[in-house]
Amino acid sequence: MTMSALGEPCVLLKLGEIVLKGKNRELFERRLVGNIRAALKDFDLKTDVRQRHGVIAIFLPEGTGVEVADQVAQRVTDVPGLVWIHRAWRVAKDPDTVVKAALELIRDREEVRRGARFAVRSRRRDKRFPLRSNELDRLVGGTINDTYGLPVDLKNPELTVYIEVDRDEVFVFTDGLPGQGGLPVGSSGRALVLMSGGIDSPVAAYRMMRRGLHVDFLHFSGIPFTTSESIYKAYALVRRLDRFQGKSRLWVVPFGKAQQSIRTSGQDRLAVIAQRRLMLKTAEEVAHRIRAGALVTGDALGQVSSQTLQNITAQDNAVDLPILRPLIGWDKTEIMAEARRIGTLEISELPDEDCCSLLAPKRAETRAKIEDLKLIEKRLDAEELVVQLADSIQEYTL
């Protein structure tokens with residue numbers, strides 16, 4: 001048997017909750033296909049991305065090697081909206097060819113060498129195929145058993161051969177890579193993330209991407225009273241997150257002088273909440289300019305002393321745009337685990353001069369009153385200050 005029995009390598013993508021979208025499903029699928037094509041621009045390949053019933057297939061140019069196909073499969077694991085990615089083989093719609101491909105596919109597997117239990121799972125999307133799914137299971141499974149002597153175990157197999165009969169071809173594969181799940185980025189609108197250099201806000205950004213939001217990032221720097229370290233760190237985090245959505249933008253606000261004004265207002269215990277409200281007001285102004293429909297923060301209830309329900313309510317009062325807090329019920333262990341999984345934790349743990357440290361009082365207010373905060377903002381002429389801050393932002397392109 002030659003390797004030609006396996007046909008051509010391809011990548012088969014399985015959709016998640018998109019299939020439940022009813023009449024709107026087509027819109028989500030079109031968005032997802034567009035995101036997949038954008039992700040594949042990293043490769044100098046003329047790929048053919050095709051929608052099928054419940055799956056998406058990526059066909060590669062004739063002669064593409066297995067290593068390149070594996071790289072393509074790995075790349076699309078970062079595209080939200082997909083739950084499983086299978087590096088498959090595309091073979092002719094002929095039972096004998098399918099049998100030969102299945103034998104060839106597992107021939108060199110470690111499971112075959114040690115006599116592992118196996119199963120065959122077939123799915124016939126094209127009902128014109130001459131064999132039903134259970135008949136194809138028996139045909140392929142019986143041949144594998146006769147050829148390699150592997151025992152059949154339909155309940156707890158150590159090796160599973162999947163066969164999917166489609167419109168124009170049959171896909172044969174074994175293992176799969178887990179995808180991100182969720183919805184395609186861009187299917188839920190656009191939002192602006194308040195991006196610190198910490199652990200929480202990058203995770204919050206990712207969770208919102210996974211729910212279909214395309215996000216831009218706004219970082220507040222302590223310049224001119226701090227160095228540019230926090231900007232470099234925010235930039236590195238955005239670059240890391242960009243693989244999930246593409247076309248990310250980082251905006252940086254020089255916030256040091258505004259912080260100095262808050263500090264001289266004389267309200268030491270309220271300084272942190274006053275600063276946070278000013279950040280939100282500035283973010284709202286920027287969001288209006290870039291047509292973002294919501295703000296996103298990494299707040300988690302009770303994680304630090306200032307993140308009380310009363311203080312969060314006082315922050316919400318500062319703006320009219322909705323503030324999304326995807327981590328509101330998470331603890332630090334959960335957030336760190338997610339940051340480690342998506343690859344942002346190592347960057348977030350790098351040292352930098354965080355602008356928030358400039359206003360860290362000995363004892364933070366846990367029950368801020370909105371009336372007191374508004375008096376501070378009146379003394380600062382916050383509305384004018386917000387416009388000045390928004391006018392001073394700089395864009396950092398990736």
Side-chain angles (χ1 to χ4, degrees), residues 31-43 74-82 179-221 228-255 279-280 282-298 321 323-327 335 338-348 350 352 390 392-398:
R31 174 74 67 171
L32 179 56
V33 168
N35 292 348
I36 292 167
R37 287 176 176 149
L40 294 180
K41 288 182 179 179
D42 297 347
F43 297 88
Q74 187 64 53
R75 176 65 185 92
V76 294
T77 61
D78 290 331
V79 178
L82 303 172
Q180 301 299 323
L183 299 174
V185 170
S187 61
S188 299
R190 182 179 291 273
L192 182 64
V193 178
L194 277 72
M195 182 69 143
S196 71
I199 296 171
D200 303 342
S201 54
V203 176
Y206 165 76
R207 299 304 299 183
M208 289 292 91
M209 291 179 193
R210 195 172 172 273
R211 297 314 305 159
L213 283 178
H214 190 287
V215 301
D216 290 310
F217 301 87
L218 185 65
H219 176 70
F220 291 87
S221 163
S228 299
E229 285 181 350
S230 72
I231 300 176
Y232 299 143
K233 190 173 176 182
Y235 184 85
L237 287 167
V238 172
R239 279 191 64 87
R240 184 65 179 167
L241 291 168
D242 185 65
R243 74 187 198 274
F244 298 113
Q245 67 169 11
K247 298 182 179 179
S248 300
R249 295 185 295 180
L250 171 64
W251 307 92
V252 175
V253 177
F255 200 60
M279 286 179 169
L280 288 169
T282 305
E284 182 179 49
E285 176 65 24
V286 175
H288 287 319
R289 296 184 185 191
I290 65 173
R291 299 185 179 181
L295 305 178
V296 178
T297 77
L321 276 182
I323 303 174
L324 307 180
R325 296 182 173 92
L327 309 184
I335 297 171
E338 184 78 335
R340 185 177 293 109
R341 187 184 72 80
I342 65 175
T344 59
L345 181 62
E346 187 175 350
I347 301 171
S348 294
L350 293 172
D352 72 298
S392 69
I393 63 173
Q394 293 180 310
E395 180 180 359
Y396 287 75
T397 55
L398 301 186

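The model shown is predicted, which means the values in this text are computed figures rather than measured ones.
- Nearest heavy-atom pair, Leu192 versus Ala287, reported as atom, atom and distance to 0.1 Å: CD2-N, 3.9 Å.
- Between Tyr206 and Arg341, some side-chain heavy-atom pair lies under the 4.5 Å cut-off.
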Verdict with supporting geometry, Gln74 and Thr77, side chain to side chain contact (heavy atoms under 4.5 Å, CB included): CA-CA 5 Å; Gln74 187 64 53; Thr77 61; 3.5 Å; yes
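- The nearest pair of heavy atoms linking Leu213 to Arg190 is CD2-N, 3.9 Å.
- Closest non-hydrogen pair, Val79 versus Ala39, comes out as CG2-CB, 3.9 Å.
- For the pair Phe255/Met279, a side-chain contact is recorded, criterion being any heavy-atom separation below 4.5 Å from C-beta on.
- The local environment of CZ in Phe43 is crowded, with over 12 non-hydrogen atoms from other residues, nucleotides or ligands closer than 6.0 Å.
- In this structure, Ser248 and Val238 approach most closely via the heavy-atom pair CB-CG1, 3.8 Å.
- Looking at every heavy atom in both residues, Leu280 comes nearest to Leu295 through O-CD1, 3.8 Å.
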Yes or no on side chain to side chain contact (heavy atoms under 4.5 Å, CB included) for Val185 and Phe244, after CA distance, side-chain angles and deciding distance? CA-CA 8 Å; Val185 170; Phe244 298 113; 5.5 Å; no
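- Looking at heavy atoms from C-beta onward, Leu250 lies out of side-chain contact with Leu398 at the 4.5 angstrom threshold.
- Contact annotation: the side chain of Phe220 approaches that of Thr282 to within less than 4.5 Å [non-hydrogen atoms, C-beta and beyond].
- The minimum heavy-atom distance between Ser201 and Val193, with the atom names listed, is O-CG1, 4.1 Å.
- In the displayed structure, Arg239 atom CZ is contacted under 6.0 Å by at most 12 heavy atoms of other residues, nucleotides or ligands.
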